[in-house]
Every structure is written in C-alpha cells, then in structure tokens.
Amino acid sequence: MTYNLTSNDWKKLYKWSGNFAKEIRQKLPSDIELTDDEIKSYVFESYLNLAKIYKEGDLAFTSYCYKWAKPYTLRKI
C-alpha cells in the first residue's frame with residue numbers, strides 16, 4: 001500500500017518524533033540510557049511498523065501515527 005504523504009506530513013512526523021522522544025524519556029527507567037536521537041530512531045521505526053498495519057478509515061495515516069507511535073515505541077524499548 002502506498003501513502004501519499006506531503007512534505008507537511010513528513011514535517012509533522014519529524015516534529016512529533018522529537019516531542020515523543022522527550023515524553024518517552026520521562027517514562028523510561030533511569031537505567032535505560034538512550035539519547036534523544038536514539039529514541040527518535042525508535043519512533044521512526046514505529047512509524048514504519050504502523051504503516052504495515054494501518055487500515056484506511058476514520059484516521060489519516062499521520063493521525064494514526066500521532067495516536068499510536070508513542071505507546072508502540074514505549075513497548076518496543
């Protein structure tokens with residue numbers, strides 16, 4: 001399946017990855033030492049994995065990522 005993501009969509013996803021990284025860092029145990037860039041990489045991996053399971057419907061792909069990327073990433077880490 002292909003998604004027609006605009007440059008604005010990519011900008012949103014990139015911005016959100018930074019916001020998610022900060023929020024995720026606060027929820028991680030102190031013994032897990034990851035940089036913000038490493039956490040952002042995990043978030044982008046989550047975007048790719050979410051793309052595999054995304055079904056078109058009520059939520060646009062970017063909204064779907066906004067809703068699920070943070071919890072998905074937290075579980076993965």
Would you sort out whether D36 and K22 count as a salt bridge (Lys or Arg N to Asp or Glu O under 4.0 Å), showing the intermediate values? CA-CA 7 Å; D36 283 347; K22 291 174 186 171; over 6 Å; no
Verify the neighbour count for atom CH2 of W16: are there more than 12 heavy atoms of other residues, nucleotides or ligands below 6.0 Å? yes
Could you tell me which non-hydrogen atom of [X] sits nearest to which non-hydrogen atom of [Y], and how far apart they are?
{"X": "K27", "Y": "L74", "value": "CD-CD1, 3.8 Å"}
{"X": "F20", "Y": "C65", "value": "CE1-O, 4.2 Å"}
{"X": "K76", "Y": "E45", "value": "CE-OE1, 3.2 Å"}

Output the distance between atom [atom1] ([X]) and atom [atom2] ([Y]), rounded to the nearest 0.5 Å.
{"X": "I77", "Y": "Y72", "atom1": "CD1", "atom2": "OH", "answer": "12.5 Å"}
{"X": "L5", "Y": "F61", "atom1": "CG", "atom2": "CZ", "answer": "6.5 Å"}
{"X": "I39", "Y": "I24", "atom1": "CD1", "atom2": "CD1", "answer": "6.5 Å"}
{"X": "S17", "Y": "D37", "atom1": "OG", "atom2": "CG", "answer": "9.0 Å"}
{"X": "T73", "Y": "Y42", "atom1": "OG1", "atom2": "OH", "answer": "10.0 Å"}
{"X": "Y66", "Y": "K15", "atom1": "OH", "atom2": "NZ", "answer": "9.5 Å"}

Hydrophobic clustering (ILVMFWY, side-chain heavy atoms < 4.5 Å, transitive) - are I53 and L48 grouped together? no
Could I get the full list of side chain to side chain donor-acceptor pair (under 3.5 Å) partners for E23, not counting sequence neighbours? K70
Is it true that K40 and Y14 share a donor-acceptor pair across their side chains at a distance under 3.5 Å? yes
Going by the rule ring pair (Phe, Tyr, Trp, His ring centres under 6.0 Å), which residues pair with Y47 if we only count those two or more places apart in sequence or in a different chain? F44
Please list, chain by chain and in numerical order, all residues satisfying side-chain contact (heavy atoms from CB on, under 4.5 Å) with N8, sequence neighbours excluded. T6, K11
